[in-house]
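These notes are about the structure you will find just below.
One-based numbering, in listed order, for ligands and for the atoms of each.
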Amino acid sequence: MAAPAPLIDRFQRRISYLRLSVTDRCDLRCAYCMPERQSFLPRAEVLSLEELHRLALGFVARGVSKIRLTGGEPLVRRDVIDLVRALGRRIGVDQDGGGRLEELTLTTNGTRLGEFAEDIAAAGVRRVNISLDTRDRALFARLARRDSLPAVLDGIAAARAAGLAVKINTVALKGLNEREIPDLVAFAHGMGCAITLIEVMPLGEVDEDRIDHYLPLTEVRRALETRFTLIPSAHRSGGPARYVTLAETGGQLGFITPLTQNFCDGCNRVRVTATGQLFACLGGREQVDMRAALRSADPQAALDAALDEAMAIKPLRHHFAIDHRGAAPALARHMSMTGG
Ligand code: SAM
Ligand code: SF4
């Protein structure tokens, strides 16, 4: 049998990375991510774990070698560990018909890692990204609208104790965690963890105007340079982050700059929501219904056709901006649908 065609879009970008959202639900309500009264998808619309598994393997068959489970908060989905285990068993194993999963990772807010870190590591996951915007308990409670900082810090400790490599993700927020960012960098590096800073993106209605807390990373970088020596690094994680190494700590610091410096020309990924909608671009509307393909009479052929369609519609770049007060979000969809 001929090897299945790899996923290559119109701009000759090879898609090797899937971000798979397992739920849009979350136990936190980060103010930049979703409103307090977020309405979640009816459970009946969400793919079953078995469907998520089959879908993931359909991507692997087309050359996707890295899968990140995300959400919402992936660890609030009941039995998600069964999916982690099922996919974990595929790591490093050649699939019948072609394809091989090389890496399975997770992005989590960390609140439930105390419970799950060991099982996740035992399933074959080696690295997790944990979001942490502040270590100030009162500010955390304000930002996430839940008093969950102790659980997150316990989660980080549990992940490290389980042998998982932890990368911290921090959204830079003007007037909120702005002054704390150098300390967060030092905290992450002090644990031997990398940290990546992210510009807030205008995705989905929230209860505030994002422009009030939008902080260009160009400014953050200047502030960091007054305390640390930033050495440009050739390190690439295959994603949008650009890295520096700090001379003082030896640790890695990434910058994800969707607004101040576009990075779409190297895009290697697509995203699938918990209802099986493939979004070809985080900042675009182009989508393909993978759930219909999965539930069709010939799922394998339909999945292949859907993936070819995704490659045909993947746009060159996103076009969102945060440039004036009162602007509607660039997209109605929240980040919690596609998982970042
Ligand atoms: N709940 C998990 C977590 O928080 O890590 C996974 C999903 S969350 C949507 C993934 C990442 O997106 C988090 O690091 C979060 O801070 C970030 N994020 C959410 N909304 C964002 C926005 N509007 N702009 C930039 N980053 C955002
Ligand atoms: Fe939940 Fe993650 Fe969104 Fe925060 S950023 S509300 S933890 S999905």
Next on the checklist: Yes or no: does L203 have any heavy atom under 4.0 Å from an atom of ligand 1?
Outcome noted: no

Checklist entry - Considering residues, nucleotides and ligands other than Q300, do more than 12 of their heavy atoms fall under 6.0 Å from its CD? => result no

Next on the checklist: If you define the side chain from C-beta out and look only at heavy atoms, does anything of L69 sit under 4.5 Å from V84?
Outcome noted: yes

Next on the checklist: Using a 4.0 Å cutoff against the non-hydrogen atoms of M34, which atoms of ligand 2 qualify?
Outcome noted: 6 (S)

Checklist entry - Which residue supplies the protein heavy atom nearest to atom 23 (N) of ligand 1, what is that atom called, and how far is it? => result M201 O, 2.9 Å

Checklist entry - For ligand 2, which atoms have a heavy atom of G72 less than 4.0 angstrom away? => result 8 (S)

Next on the checklist: Donor-acceptor check, side chain of R68 to backbone of V128, threshold 3.5 angstrom: yes or no?
Outcome noted: no

Checklist entry - Which of the atoms of ligand 1 are close to V171, meaning less than 4.0 Å from one of its heavy atoms? => result 16 (O), 26 (N)

Checklist entry - For ligand 1, which atoms, with element, lie under 4.0 Å from some heavy atom of T70? => result 6 (C), 7 (C)

Next on the checklist: Against ligand 2, does S131 come closer than 4.0 Å with any heavy atom?
Outcome noted: no

Item to check | Any N or O of E73 closer than 3.5 Å to N or O of ligand 1 | outcome: yes

Checklist entry - Is the shortest heavy-atom distance from the side chain of R295 to the side chain of L47 under 4.5 Å? => result yes

Next on the checklist: For the CD atom on E118, are there more than 12 heavy atoms of other groups (residues, nucleotides or ligands in this structure) within a distance under 6.0 Å?
Outcome noted: no

Next on the checklist: So, taking the atom named NZ in K66 and the one named CG in L18, what distance separates them when rounded to the nearest 0.5 Å?
Outcome noted: 11.5 Å

Next on the checklist: Less than 4.0 Å is my threshold; does some heavy atom of M34 fall inside it relative to ligand 1?
Outcome noted: no

Next on the checklist: Strictly under 2.8 Å, is atom 3 (Fe) of ligand 2 approached by any N, O or S atom of C33?
Outcome noted: yes

Item to check | Enumerated ligand 1 atoms positioned under 4.0 Å from heavy atoms of E199 | outcome: 25 (C)

Checklist entry - Any side-chain heavy-atom pair from R146 and T111 closer than 4.5 angstrom? => result no

Checklist entry - With a cut-off of 4.0 Å, which atoms of ligand 1 are near a heavy atom of C33? => result 19 (C), 20 (N)

Next on the checklist: Considering both backbone and side-chain atoms of Y32, is one of its nitrogen or oxygen atoms within less than 3.5 Å of a nitrogen or oxygen in ligand 1?
Outcome noted: yes

Item to check | Min N/O separation M335 to ligand 1 under 3.5 Å | outcome: no

Next on the checklist: Check whether D147 reaches the backbone of A141 with its side chain - one donor and one acceptor, N or O, closer than 3.5 Å.
Outcome noted: no

Checklist entry - Counting heavy atoms only, which part of C30 comes closer than 4.0 Å to ligand 2: side chain, backbone, both or neither? => result both

Next on the checklist: Using a plain distance cutoff, I'd like to know if S336 has any nitrogen or oxygen under 3.5 Å from a nitrogen or oxygen of ligand 1.
Outcome noted: no

Item to check | Salt bridge D119-R85, side-chain N to carboxylate O under 4.0 Å | outcome: yes

Checklist entry - Do D27 and L75 come close enough that some side-chain heavy atom pair is under 4.5 Å? => result no

Checklist entry - Side chain of R112, backbone of N109: donor and acceptor closer than 3.5 Å? => result no

Checklist entry - Based purely on interatomic distance, does V200 place a nitrogen or oxygen under 3.5 Å from a nitrogen or oxygen of ligand 1? => result no

Checklist entry - Numbering the atoms of ligand 1 from 1, which are under 4.0 Å from a heavy atom of T108? => result 2 (C), 3 (C), 5 (O)

Checklist entry - Should the heavy atoms of other residues, nucleotides or ligands under 6.0 Å from CZ of R227 be counted, would the total exceed 12? => result yes

Next on the checklist: Give the atom numbers and elements of ligand 1 that come within less than 4.0 Å of a heavy atom of G71.
Outcome noted: 7 (C), 9 (C)

Checklist outcome for this item: shortest atom 10 (C) of ligand 1-to-protein heavy-atom contact is with G339 O, 3.7 Å

Checklist entry - Looking only at heavy atoms of G72, does any of them come nearer than 4.0 Å to an atom of ligand 1? => result yes

Next on the checklist: I'd like to know if the side chain of K314 and the backbone of A280 have a donor-acceptor N/O pair within less than 3.5 Å.
Outcome noted: yes

Next on the checklist: Return the closest protein heavy atom for atom 1 (Fe) of ligand 2 as residue, atom name and distance.
Outcome noted: C26 SG, 2.3 Å

Checklist entry - What protein heavy atom is closest to atom 11 (C) of ligand 1, reported as residue, atom name and distance in Å? => result S131 OG, 4.4 Å

Next on the checklist: Heavy-atom contact check, 4.0 Å cutoff: does R210 meet ligand 1?
Outcome noted: yes

Checklist entry - Checking R242 side chain against F255 main chain: does a donor-acceptor pair fall under 3.5 Å? => result no

